[in-house]
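Encoded as structure tokens, the structure appears first; notes follow it.
On a predicted model such as this, the values are computed, not experimentally measured, just so you know.
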Amino acid sequence: KGQTPAGESQEPVLRSVFDRLLESYALLSVDSLEGGRRQERIYEVTLKRNVSSSALVRELSQADGGFDVNILPGYDRVDL
């Protein structure tokens with residue numbers, strides 16, 4: 001789950017990080033926050049072998065755009 005500024009295409013930045021660290025990913029939902037100023041995106045991801053969730057959070061937090069990132073282990077088993 002991550003938040004980005006609304007109106008800015010963050011897909012190239014996300015795709016770059018995702019392609020390096022993830023085996024697979026799928027966008028599950030996009031919601032508008034703060035009166036439309038930010039977007040919350042929820043992805044289902046599978047980490048590549050030897051990649052930790054903390055590495056994914058660190059890479060996304062340091063990426064251009066400064067994403068706010070939360071890891072929700074077992075998302076498919078959690079009622080959000």
### Query
Would you call E59-R20 a salt bridge at under 4.0 Å N-O?
yes
### Message
If we ignore hydrogens and angles and just use 3.5 Å, is the side chain of K48 paired with the main-chain N or O of S24 as donor and acceptor?
### Response
no
### Message
Using modelled atom types and a 3.5 Å cut-off, is there a donor and acceptor pairing between side-chain atoms of S61 and backbone atoms of V57?
### Response
yes
Heavy-atom distance under 4.5 Å between the side chains of [X] and [Y], does that happen here?
X   : Y   : result
F18 : V13 : no
D31 : E40 : yes
V45 : L21 : no
L14 : Y43 : yes

### Task
Please test R41 against L27 for side-chain contact (heavy atoms from CB on, under 4.5 Å), starting from the C-alpha separation and ending with a verdict.
CA-CA 7 Å; R41 296 166 176 249; L27 180 62; 4.0 Å; yes
### Message
For V17 and Y25: C-alpha separation, side-chain torsions, deciding distance, then whether side-chain contact (heavy atoms from CB on, under 4.5 Å) applies.
### Response
CA-CA 11 Å; V17 173; Y25 61 94; over 6 Å; no
### Query
When you look at S53 and L47, which way does the side-chain contact (heavy atoms from CB on, under 4.5 Å) test go after all the steps?
CA-CA 7 Å; S53 58; L47 297 169; 4.3 Å; yes
### Message
side-chain contact (heavy atoms from CB on, under 4.5 Å), that's the test. Do T46 and L22 meet it? Break it down for me.
### Response
CA-CA 6 Å; T46 302; L22 302 179; over 6 Å; no
